[in-house]
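A quick write-up on the structure given underneath.
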Amino acid sequence: MSTAGTIVTRFAPSPSGHLHVGGARTALFCWAYAKGRGGKFLLRIEDTDQKRSSDAASLGFLKDLKWLGIDWDEGPAFEGCGGGPNGPYFQSERVDTYNRYLTQLVDAGKAYYAFDTAEELERKRAAAKAAGVAYRYDGSESIARPKVEVERLLAEGRPAVIRFRTPVGPITIKDEILGEATLPAGEVDDFVIRKADGFPTYHFAVVIDDELMGVTHVLRAQEHFNNTAKHMVLQDALGFRRPTYGHLPLIFNPDGSKMSKRDKDKVLRKTVTERKLAEPPAGTVGAERWKAWLADKNTQLDYEEANRLATALDVPLPEINVDDFRRSGYLPEVVCNFLALNGWSPGENREKFDNAFLRGAFDLSRVVKTPAKFDRVKLLSFDCDAITSMPRERFVALARAHGEVFHPEFMRKLTPSQFEALAGASHERSKTLDDMFRGNRFLVLGDEAFAYDAKAAEKNLKTGEPSGVAHLRALRPLLAEVKAWEAGALEAAIKPYADANAGGQLGKVAQPLRVAVSGGTVSPPIFDTLAILGRESSLARIDRAVKTFG
RNA sequence: GGCCCCAUCGUCUAGCCCGGUCUAGGACACCACCCUUUCACGGUGGGGACAGGGGUUCGAAUCCCCUUGGGGUCACCA
């Protein structure tokens, strides 16, 4: 039990390998609310659904929380967080506790066993729907069943659930964000509180645990709003106190659809169909999986499969999970900042802030009631601002760390000094930590291996008077003479040439060079690009371009 | 469909609770121009919203009602 007066919030996800942005925001707000008030933030794993079997990867989202800078005072132990006196923090390990309260309710006549089969219930639901009326469970038969009969059926081993006997009457939900709402009598029926497999349902476990763990404030997604009524009647029946509730607005895709991992499959399917790919790209997805995936729109690739396929296809995947944003090169502090802005704002036209500010300023009265559409373009802009305004050394360090995790083969092909030069040259044009890796593939391909973009070559090498190739021919001996192959010296060699032979328009010379050494029209500043590439590769590539397009 | 909730630029939002200071502010996006060795950055300027209809009031984005629209929820999932 926690000290009286201490604010306690909790984030209670079901086990998952990855943290969804919506969940991340909920966690962030719970964290900020408690920590900003000297309270505690705790984590609890809602793993009462055996079908969502939990394996080792099921707690993968803990690292996402850590990455965001959200740490928890109580909960599963992980990298210095967690532990605490109110555990276990896995609901699957608390079944005895739930059973104690369950028995108490049954003995008091506030809950009862029911033996309906799934088929029976389904039939009644369908009938109600056909009749155009709202389905409500009718417990009269179960309630009337004599105790001996119940015990006989139980002894027989008949599958049974326990339902809560919801008192008749309207229920008023009080919410710090949405205000008050009253559900008319009969709206909440006798819901299941223990499943046939012996596990409690979400509604029951939540109420017990929030009470036992001393949770004072429940902040969760708005989809739980109506559930609150169930939790309230349970609290009353058990004699529990009532936490303060705040239901957060949902976060959607820009088109209003729900954000789901399926969005990734959608993008990939569309690309595969458009490109008429018959076979999976090598090393991405197994042949069997590929077939099944293409045949059934409801089949989803797993996380790694989707990422490998996206990389092979060179298509960006919509970021859904926190880890997706990390992979895409977003800064954790920016993700938090932007997430907080979806559903809350500090007012006074302030938009940029860190978690320390959030924890000091966050409060429920400024949480917005309306659902938000997640604007990745604005997020990108925030990330760009954060990156370009950080010190260069910090950027280089972050980019290196990012590269080592997500682009190890790229990192292996560059020497440390080459990498540093590339990162330095990329800093001011990077919107994410990933940009420099995606945009500069040509650097790590062999001099004969990278491809020339036909359009770029046509425009910058073959046409013009003099043509780009003509400039390259003239430049080649000048470059060969450059003593120290670094950006300054290269500029000193090329600039005068442009002044004399291109009317001072450096672009007339820079673009042909760029296409010659990179294959395309986009690269870091040309002198940097040549310097990073080195003398040997630069000259070899120029020679190749002259030979190919001359 | 029943029930519940919500409604300001394309998007995120400020303003609403305590009506006048709002010819509605900011950010992202967009358009134009400028800068420029590509890309990006940056600079300057611009278009852009109180869903509709009734009330209340001297006066409404702000209060009330209706309509419309959006969302949530109606599981032995959480």
Side-chain angles (χ1 to χ4, degrees), chain A residues 12-14 46-49 51-52 91 114 116-118 121-122 125 128-129 131-137 159-163 173 175 177-179 181-184 186-189 191-197 199-203 205-206 220-227 229 247 249-250 252 254 256 338 341-352 365-366 368-382 384-385 388 426 428-431 435 439 456 460 491 494-495 498 502 505-511 513-515 518 520-527 529:
Chain A
S14 39
E46 315 238 308
D47 55 351
T48 54
D49 183 10
K51 270 165 285 181
R52 297 194 196 181
Q91 291 186 328
D116 316 81
T117 64
L121 294 175
E122 194 39 56
R125 264 194 289 267
K129 191 170 182 185
V133 283
Y135 169 79
R136 292 286 116 87
Y137 179 77
V161 301
I162 297 177
R163 286 181 182 264
I173 303 170
D175 184 285
I177 294 164
L178 297 172
T182 300
L183 305 193
E187 223 7 67
V188 178
D189 65 3
F191 54 99
V192 173
I193 53 181
R194 191 179 79 172
K195 301 182 265 186
D197 65 7
F199 279 90
T201 58
Y202 161 73
H203 304 298
V206 139
R220 67 210 331 181
Q222 237 170 61
E223 63 198 28
H224 285 297
F225 186 76
N226 286 21
N227 290 156
H247 289 90
L250 269 16
F252 292 107
F338 189 69
L341 241 26
N342 277 254
W344 179 80
S345 95
E348 295 175 342
N349 290 338
R350 173 145 193 182
E351 282 200 308
K352 303 281 179 74
S365 68
R366 294 195 69 90
V368 159
K369 299 177 180 183
T370 54
K373 290 173 185 156
F374 194 84
D375 184 359
R376 293 187 181 77
V377 180
K378 183 161 177 173
L379 201 218
L380 226 209
S381 164
F382 274 39
C384 177
D385 290 348
T388 53
S426 303
E428 62 180 6
R429 71 202 69 249
S430 282
K431 296 189 172 189
D435 284 359
N460 297 288
E491 180 166 5
I494 295 169
K495 208 61 181 287
Q505 292 179 276
L506 189 55
K508 292 272 190 235
V509 181
Q511 278 309 79
L513 273 171
R514 196 183 315 276
V515 175
S518 78
T521 55
V522 180
S523 85
I526 190 62
F527 307 121
T529 303

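Naming: A, B, ... by sequence-line order, numbering from 1 per chain.
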Should A:Thr529 and A:Ser523 be marked as a side-chain hydrogen bond (donor to acceptor under 3.5 Å, both in side chains) after you check the CA-CA gap, both sets of side-chain angles, and the distance that decides it?
CA-CA 7 Å; A:Thr529 303; A:Ser523 85; 3.1 Å; yes
Side chain to side chain donor-acceptor pair (under 3.5 Å) partners for A:Thr521, two or more places apart
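Partners of A:Thr521 by the side chain to side chain donor-acceptor pair (under 3.5 Å) criterion come out as none, since no residue qualifies.
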Once you apply a heavy-atom cut-off of 4.0 Å, does [X] come out as touching a base, just sugar-phosphate, or nothing?
| X | answer |
| --- | --- |
| A:Phe527 | base |
| A:Ser518 | nothing |
| A:Lys129 | nothing |
| A:Ile173 | nothing |
| A:Arg194 | nothing |
| A:Glu187 | base |
| A:Ser345 | sugar-phosphate |
| A:Phe338 | nothing |
| A:Asp116 | base |
| A:Val377 | sugar-phosphate |
| A:Arg163 | sugar-phosphate |
| A:Leu178 | sugar-phosphate |
| A:Arg220 | nothing |
| A:Asn227 | base |

Nearest-angstrom distance, [atom1] atom, [N] to [M]:
| N | M | atom1 | value |
| --- | --- | --- | --- |
| B:rG25 | B:rG47 | P | 11 Å |
| B:rG46 | B:rU8 | P | 26 Å |
| B:rU56 | B:rU73 | P | 40 Å |
| B:rG70 | B:rG55 | C1' | 25 Å |
| B:rA32 | B:rG19 | P | 45 Å |
| B:rU62 | B:rG43 | P | 36 Å |
| B:rG54 | B:rA40 | P | 49 Å |
| B:rC12 | B:rC39 | C1' | 28 Å |

Paired with [N] by Watson-Crick or G-U wobble geometry, both distances under 3.5 Å: which nucleotide is it?
| N | answer |
| --- | --- |
| B:rC35 | none |
| B:rU73 | B:rG2 |
| B:rA14 | none |

If you apply the rule side-chain hydrogen bond (donor to acceptor under 3.5 Å, both in side chains), what do you find for A:Asn227 with A:Tyr202, and how did you get there?
CA-CA 10 Å; A:Asn227 290 156; A:Tyr202 161 73; 5.3 Å; no
Do [X] side-chain atoms and [Y] backbone N/O form a donor-acceptor pair below 3.5 Å?
| X | Y | answer |
| --- | --- | --- |
| A:Arg350 | A:Lys352 | yes |
| A:Arg366 | A:Ser345 | yes |
| A:Asp189 | A:Tyr137 | yes |

Min side-chain heavy-atom separation A:Asn226-A:Val188 under 4.5 Å
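No, too far: nothing below the 4.5 Å cut-off.
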Would you say that A:Gln91 contacts A:Phe199 through its side chain, given a criterion of any heavy-atom pair below 4.5 Å between the two side chains?
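Of all side-chain heavy-atom pairs linking A:Phe199 with A:Gln91, none is under 4.5 Å.
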Starting from the 5' end of RNA chain B, give me the residue, A:Asn226 or A:Phe374, whose nearest nucleotide shows up first.
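Residue closer to the 5' terminus by nearest nucleotide: A:Phe374.
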Between A:Ser430 and A:Glu351, which is nearer to the 5' end of RNA chain B once each is assigned its nearest nucleotide?
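Its nearest nucleotide lies further toward 5', so the answer is A:Glu351.
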Anything under 4.0 Å to a heavy atom of chain A counts; send over the first and last such nucleotide of RNA chain B, read 5' to 3'.
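It runs B:rG1 to B:rA78.
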Glycosidic conformation of B:rC74, taking syn as within 90° of 0 and anti otherwise:
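It is anti.
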Is atom NZ of A:Lys508 surrounded by more than 12 heavy atoms (other residues, nucleotides or ligands) closer than 6.0 Å?
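Not more than 12 within 6.0 Å, no.
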